[in-house]
Structures are given as structure tokens and as C-alpha cells.
Amino acid sequence: MSVVTRFAPSPTGYLHIGGARTALFSYLYARKHGGKFLLRIEDTDRERSTDAAVKAIFDGMEWLGLAADEKPIFQTQRFGRYGEVAQDMLKAGTAYHCYCSKEELEQMRNEQMARKEKPRYDGRCRHRTEPRPGVQPVIRFRNPTGGAVVVRDLIKGDIVFQNAELDDLIIVRSDGTPTYNFCVVVDDWEMGVTHVIRGDDHVNNTPRQINILSALGATPPQYGHVPMILGSDGVKLSKRHGAVSVVEYRALGFLPDAVLNYLVRLGWSYGDQELFTREEMQRLFDIERVQKAPARFDMEKLVWVNHEYLKREAPENVAGEFRWHLERLGVQPADGPKLEDVILAQRERCKTLVEMAEKSKFFYADVAAYNEKDAAKHLTPAAADILDALVAELKALPEWKPEAIHAAVHGLAEKKGVGLGAVAQPIRVAVAGMAVSPPIDRTLFLLGRERTLVRLEAARAYAAKK
RNA sequence: GCUCCCAUCGUCUAGAGGCCUAGGACGGAGCCCUCUCAAGGCUUAAACCCCGGUUCGAAUCCGGGUGGGAGCGCCA
């Protein structure tokens, strides 16, 4: 039987970084086994589900490059089917109407809590034959009362639940809409899902789902519950830890593949290997090697991974994201050196694309103001003299090539009897507005002669006035 | 409270009874290199939660404790 996995988020917000990881695991598992990866939108809670959230999820998945193999399924479009299945169960006696009011249930729970018991439905409508007039009933699943359910979890191993611990959960609300646990079961069954890879928070739902599946005569899929991601302080990851939505990671300057690489190593490992190509991830990933304990999210490590990707990736592959960041800074990248060339020149010193964009802005836009400290330190009267001489040298260059620029700069330092720093640093501040840039020959070459000379002149004037 | 899960450096992890004087990576510290910032190279500090048991031998197996997490809705 071929593998079918699925990612089933509820559209009540952005695509969470933890959700992205379970999606990735599902995706990789399907890819590895030549199966299918499906996407299902669990929007049965019409109160909280929004179209904007659906879009946010699609956008996030697309940015990460986690494409589903078929059109996404929306649960709200399957209400008819859930109703049919519920009716079948009613007929078969595996489900029954319950007329208890919310107040009644509430009271029951309170009493159980007071007795220090686990709050659960006590099955008082199980054998009711007559409807309660004027009450719209809910439909409950008739859970087996004896025996146990064994969840053979791919990650956690066997987990045993006593049926006596489980109660009769509601599968259809009094307004006729189906509930989560019921939709999941019907969908996983009819979508032919063979491997359910999902968050840890669903383990306790699993025995119920298996019971319903069995009542339906279906073979339960395999389950793998991946531990959640914690914040750096060991507490559940939330907004106060910073970015949680995957699109925020784009804004922070991360490459999608770097995010994926970081995520796959969070809770999973393959020996000592840290970096994986997409192909390696698909080939090497193994759900059974996923860690059982939750892992903390470490931004520092992500930054490192991202930097590694920036350094290794072909510049053509990062140009798109780089452009996006430049434009975000209000810079028009068309007017200046090729993005690929700038990436090559900058990537050693930039760990994120935000950093790269900020440090590369000067290639595409005029220097609005010098960094105060850098200007004070390097644009001195002595530097004015050097800049002056340099302008003359550069103007005279027969060819605007890195080698020629290099020779001119070094030659000038020698002629003036100063260290290279004494000429390179003023140049940096002059052309970049700050004392940080790629190697000076590279920088001037990319910037172009025209722009270089204008900025050198401006800086010379600025320095001379001091 | 009840049910279920988990536990190796600060963090992510390797480790499936002797290969462990516990390895790698991020981060930290130091040194080298150097036109800035980096990158790179080298060195270094840093962990098996505790207590019992099994065994010739336990980070690895078992039991208990402690600590963390998840779930207990007409939410998903």
C-alpha cells in the first residue's frame, strides 16, 4: 500500500513554525516512500476560521516549498458526508442521541472534579430510547466500555489506554455540525491516509479516533506524534518569544531552505550531519528517529544555518529573496550591480538577508548620511588629502577592473607611506557611508567608476571642511 | 486532581550493556590570519536529573523518586 500523509491545520491564524515542522515531517515521509502528501483545512469551527488565515497557511507552505500533491480539502465542504456517516453509526448503534444540557454537563464535571476524578461524560443517555421534548440532541459515539486501545506510535512506541478511561465523545453538535475528532476520522479514512504525523497534543485523541475507525469498520492508520517546539525558556512557543509565524522568518531574512534545514534537525538527527540538501532530507529523514522529548527553538542556530545556506547556495537561488528585501528597504535593485554579484561579495559577512540588504543598500542608492562615528574617525583632513590623490589615480585608470583598482589603492598607500587601512577606511565611509564593506577593490568595481568618483569627491569635500 | 508522555554540555543532538577519559554542531572563551566587517584555521571550558536493582560491566535494561510537558469542551 502506498503511503499517504497529510497536514491538517485549522485556519484560525498564521502558519505556526511548529506546524511547519510537522508539515515538513509529513511531507518528507511521503516523499521518502514515494507516496502522497495532502493538505486538509480543518475549518469546522466557523467562529474562528477565516479566509485570511487560509491564505496565510497557503502562503507559508508555498514560501517553504512544501507543495501538496493534490488540491486541498476543506472540511466545511464535506458536512454532508459527515452527516451521512453519523446517520450510519446511529443505525448501527455505534452512536446515540444525547439530550443532556450544557448546564447538566457542567455540573457533572464539577462534581467529578470535586471527587478528584477525571472529568468525563458518564453515559447517562446511552440507553435512552425516548427523545426529550424540545431538545435538539447531540450525537455521541458509543465508546467500548471494556478492554484497551494500543496506539503503536511511530515515535513514542506503544501507548496503552484503558477504554474505561475514555468517555462517549460528541461527534455531531446539537446544531448538526460535526466535531473535530469525528471529521478527522472520516477524512483520514476516506482520503486513504496511511500515516498520521501530527503534534504531540493529539496523543490523547488517538485512542478515541481508533475506536471510531474500528466502529466504522476501517483500518486505523499509523500514527506518529511529534513533540512540540518550546521557546528558548522551555515554555511553549508563543508570540512573546518573537517570531512564530513562518512568514515572519522571511521578514527576518531567512532563506526557506535554511528554515527547513533548521526545523528538520530540531528533534531529528542523522549522525553528526547538520546540513542537508532537500534531496538528502527526503532520502535520509526517518520518522522513527524523531526525538521523543520536546525541543527548544534556538534562534542563534537558525542564524548559523541560514548563513551556511547563504554561503553555499548558488547566488541565482538567493537573488529572488534578496531582491524582496532590498525592495522592502525602498531600494530599486534594477539600478546598480547585478544582485548575484553583490550576493557573492557580501555573503561571507551577512548572516541574514536583512543584514545583507542593509549593507548593500549603498550599491543601489546614494549615501544619505555618513555613519557619525565612522565619519569622525576616518574622514579626517589627512584623509581628504588621500581621497584627493585617489580620485586622480582612479580617473586615470585605463580599465575599471578589480585588479587595476587594487593596484591603485595599494600603490597610493605605499606612495603616501601609510598602512592600507589609512586609505581603505576613508574610502569605505565615502562610498558606503560606513566603515564596513566587502574588500575595497571589489566594492569599487561593483559600484562603478561614475558613482565611486562622485562619492569620493563628496567625501573629500566633507573631510577637508573639518 | 485524573490520564498519557518525556528526561545526555546553556541549546540541538550522537550514543541501542563493554568501542565513553561520553562524540559532533550552535553559542561562549582564547590564539592565529587580516584593508573594515566577516569568513577561515587552531585551542579550550561545558552534560549522562536522583536513588535503588539486574549484570563481571549501565548514559544505555528494570523499579521508584524528582522535575518538565500534553490532554481532560456542543475548540481544533
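To find a chain, count down the sequence lines: A is the first, B the second, and so on, and within it residues start at 1.
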Quiz item: Which residue lies toward the 5' end of RNA chain B, A/A293 or A/D201, if each is placed at its nearest nucleotide?
Solution: A/A293
Quiz prompt | A/Q273 CD to B/C26 C1', straight-line distance once rounded to whole Å | solution = 16 Å
Self-check item: Ion pair A/E393/A/K415, N-O distance below 4.0 Å
Solution: yes
Exercise. Test for a donor-acceptor pair under 3.5 Å between the base of B/G23 and the side chain of A/D272, counting only N and O atoms.
Key: yes
Quiz item: So what's B/U3 paired with, Watson-Crick or G-U wobble, going by both distances under 3.5 Å?
Solution: B/A70
Quiz prompt | Identified pairing partner of B/U34, criterion: Watson-Crick or G-U wobble below 3.5 Å | solution = none
Exercise. Select base, sugar-phosphate, or nothing to describe what A/M228 touches, counting heavy atoms under 4.0 Å on all strands.
Key: sugar-phosphate
Practice problem: Identify whether any heavy atom of A/R46 sits under 4.0 Å from a base atom; if not, whether one sits that close to sugar-phosphate; answer base, sugar-phosphate or nothing. | Solution: nothing
Self-check item: Spacing of A/Q291 atom CD relative to B/A7 atom P, expressed in whole Å
Solution: 7 Å
Quiz item: For A/G199, which contact category applies under a 4.0 Å heavy-atom criterion: base, sugar-phosphate, or nothing?
Solution: nothing
Quiz item: Is the base of B/C74 touched by the side chain of A/S174 through a donor-acceptor pair closer than 3.5 angstrom?
Solution: yes
Quiz item: Where the side chain of A/Y180 is concerned, which of B/C74, B/U11, B/A76 is the nearest nucleotide?
Solution: B/A76
Quiz item: Taking a pair as Watson-Crick or G-U wobble with both distances under 3.5 Å, which nucleotide is matched to B/A45?
Solution: none
Quiz item: Which part of the nucleic acid does A/I440 contact within heavy-atom distance under 4.0 Å: base, sugar-phosphate only, or nothing?
Solution: base
Quiz item: Could you state the CD-P distance from A/E274 to B/G24, rounded to the nearest angstrom?
Solution: 12 Å
Practice problem: Please state whether the phosphate of B/U13, meaning OP1 or OP2, lies under 4.0 angstrom from any side-chain nitrogen or oxygen of A/R265. | Solution: no
Exercise. Please evaluate the base of B/C37 for a donor-acceptor partner in the side chain of A/R428 within a cut-off of under 3.5 Å?
Key: no
Quiz item: In terms of side-chain geometry, is the basic nitrogen of A/R120 or A/E165 positioned less than 4.0 Å from the acidic oxygen of its partner?
Solution: no
Exercise. Between B/C56 and B/C20, how far apart are the P atoms? Round to whole Å, please.
Key: 23 Å
Self-check item: Stacked cation flag A/R140 on A/Y121, 6.0 angstrom / 45 deg
Solution: yes
Practice problem: Considering only atom C1', compute the distance from B/C12 to B/A47 and round it to an integer number of Å. | Solution: 13 Å
Quiz item: Is the distance from OP1 or OP2 of B/C37 to the nearest side-chain N or O of A/R347 less than 4.0 Å?
Solution: no
Quiz item: Which base, if any, makes a Watson-Crick or G-U wobble pair with B/C61, both distances under 3.5 Å?
Solution: B/G53
Exercise. Look at A/K351 together with A/E300 and state whether they make a salt bridge at an N to O cut-off of under 4.0 Å.
Key: no
Quiz item: Whole Å only: how far is the CD atom of A/E104 from the P atom of B/G73?
Solution: 16 Å
Quiz item: Which is true for A/H307 with a 4.0 Å heavy-atom rule: it touches a base, it touches only sugar-phosphate, or it touches nothing?
Solution: sugar-phosphate
Quiz item: With both distances kept under 3.5 Å, what pairs with B/A39, Watson-Crick or G-U wobble?
Solution: none
Quiz prompt | P atoms of B/C49 and B/C6, separation to the nearest Å | solution = 15 Å
Quiz item: Contact class for A/N205 vs. all strands (heavy atom < 4.0 Å): base, sugar-phosphate, or nothing?
Solution: base
Practice problem: Return yes if a side-chain donor-acceptor contact under 3.5 Å exists between A/N211 and A/N143, otherwise no. | Solution: yes
Quiz item: Which value, in whole Å, describes the distance between the C1' atoms of nucleotides B/U55 and B/A45?
Solution: 35 Å
Quiz item: Under 3.5 Å, is there an N or O donor on one side and an acceptor on the other linking the side chain of A/R296 and the base of B/U11?
Solution: no
Quiz item: Can you tell me if the side-chain N/O atoms of A/R208 get under 4.0 Å from OP1 or OP2 in B/G71?
Solution: no
Quiz item: Across the strands shown, which category fits A/Y262 at heavy-atom distances under 4.0 angstrom: base, sugar-phosphate, nothing?
Solution: nothing
Quiz item: When the distance from NZ of A/K118 to P of B/A70 is rounded to whole Å, what number comes out?
Solution: 16 Å
Quiz prompt | Audit row: A/R347, A/E308, salt bridge (Lys or Arg N to Asp or Glu O under 4.0 Å) steps and yes/no | solution = CA-CA 9 Å; A/R347 62 185 184 179; A/E308 292 303 310; over 6 Å; no
Exercise. Round to the nearest Å and state the distance from A/R115 atom CZ to B/U3 atom P.
Key: 16 Å
Self-check item: A/S10 side chain, from C-beta outward: closest of B/A76, B/G27, B/C5
Solution: B/A76
Self-check item: Distance between C1' atoms of B/U21 and B/U34 (Å, rounded)
Solution: 38 Å
Quiz item: So what does A/P439 touch, heavy atoms closer than 4.0 Å: a base, only the sugar-phosphate, or nothing?
Solution: base
Practice problem: For B/G28 and B/G64, measure between their C1' atoms and round to the nearest Å. | Solution: 38 Å
Practice problem: Can you tell me, in whole Å, how much space there is between the P of B/G27 and that of B/C72? | Solution: 39 Å
Exercise. Would you mind telling me which of B/G40, B/C35, B/A70 lies closest to the side-chain atoms of A/N204?
Key: B/A70
Self-check item: B/U11 pairs with, by Watson-Crick or G-U criteria that keep both distances under 3.5 Å
Solution: B/A25
Quiz prompt | Under-4.0 Å salt bridge between A/E190 and A/R81 | solution = yes
Exercise. Tell me what A/P9 touches on the nucleic acid: a base, only sugar-phosphate, or nothing, going by heavy atoms under 4.0 Å.
Key: nothing
Self-check item: 5' precedence on RNA chain B between A/T179 and A/M113 (nearest-nucleotide basis)
Solution: A/M113
Practice problem: Using the P atoms only, state how far B/C5 lies from B/C48, rounded to an integer number of Å. | Solution: 26 Å
Quiz item: Which part of the nucleic acid does A/T44 contact within heavy-atom distance under 4.0 Å: base, sugar-phosphate only, or nothing?
Solution: sugar-phosphate
Exercise. For A/F254 and A/E321, work out which heavy atoms get closest and say how close.
Key: O-OE1, 4.4 Å
Quiz item: For A/K311 and B/G40, what is the distance between atoms NZ and C1' respectively, to the nearest whole Å?
Solution: 8 Å
Practice problem: Identify whether any heavy atom of A/V138 sits under 4.0 Å from a base atom; if not, whether one sits that close to sugar-phosphate; answer base, sugar-phosphate or nothing. | Solution: base
Practice problem: Calculate the interatomic distance between A/N261 atom CG and B/A25 atom P; express it in whole Å. | Solution: 16 Å
Practice problem: Would you tell me whether A/T352 and A/H307 have side-chain atoms, one donor and one acceptor, within less than 3.5 Å of each other? | Solution: no
Quiz item: Phosphate oxygens OP1/OP2 of B/C6: is one of them under 4.0 Å from a side-chain N or O of A/K292?
Solution: yes
Quiz item: Do A/D188 and A/R40 pass the salt bridge (Lys or Arg N to Asp or Glu O under 4.0 Å) test, and can you show the C-alpha distance, the side-chain angles, and the key distance before you say yes or no?
Solution: CA-CA 10 Å; A/D188 283 340; A/R40 183 172 75 219; 2.8 Å; yes
Quiz item: Between B/A14, B/C74, B/G10, which nucleotide has the shortest distance from any of its atoms to the side chain of A/S269?
Solution: B/A14
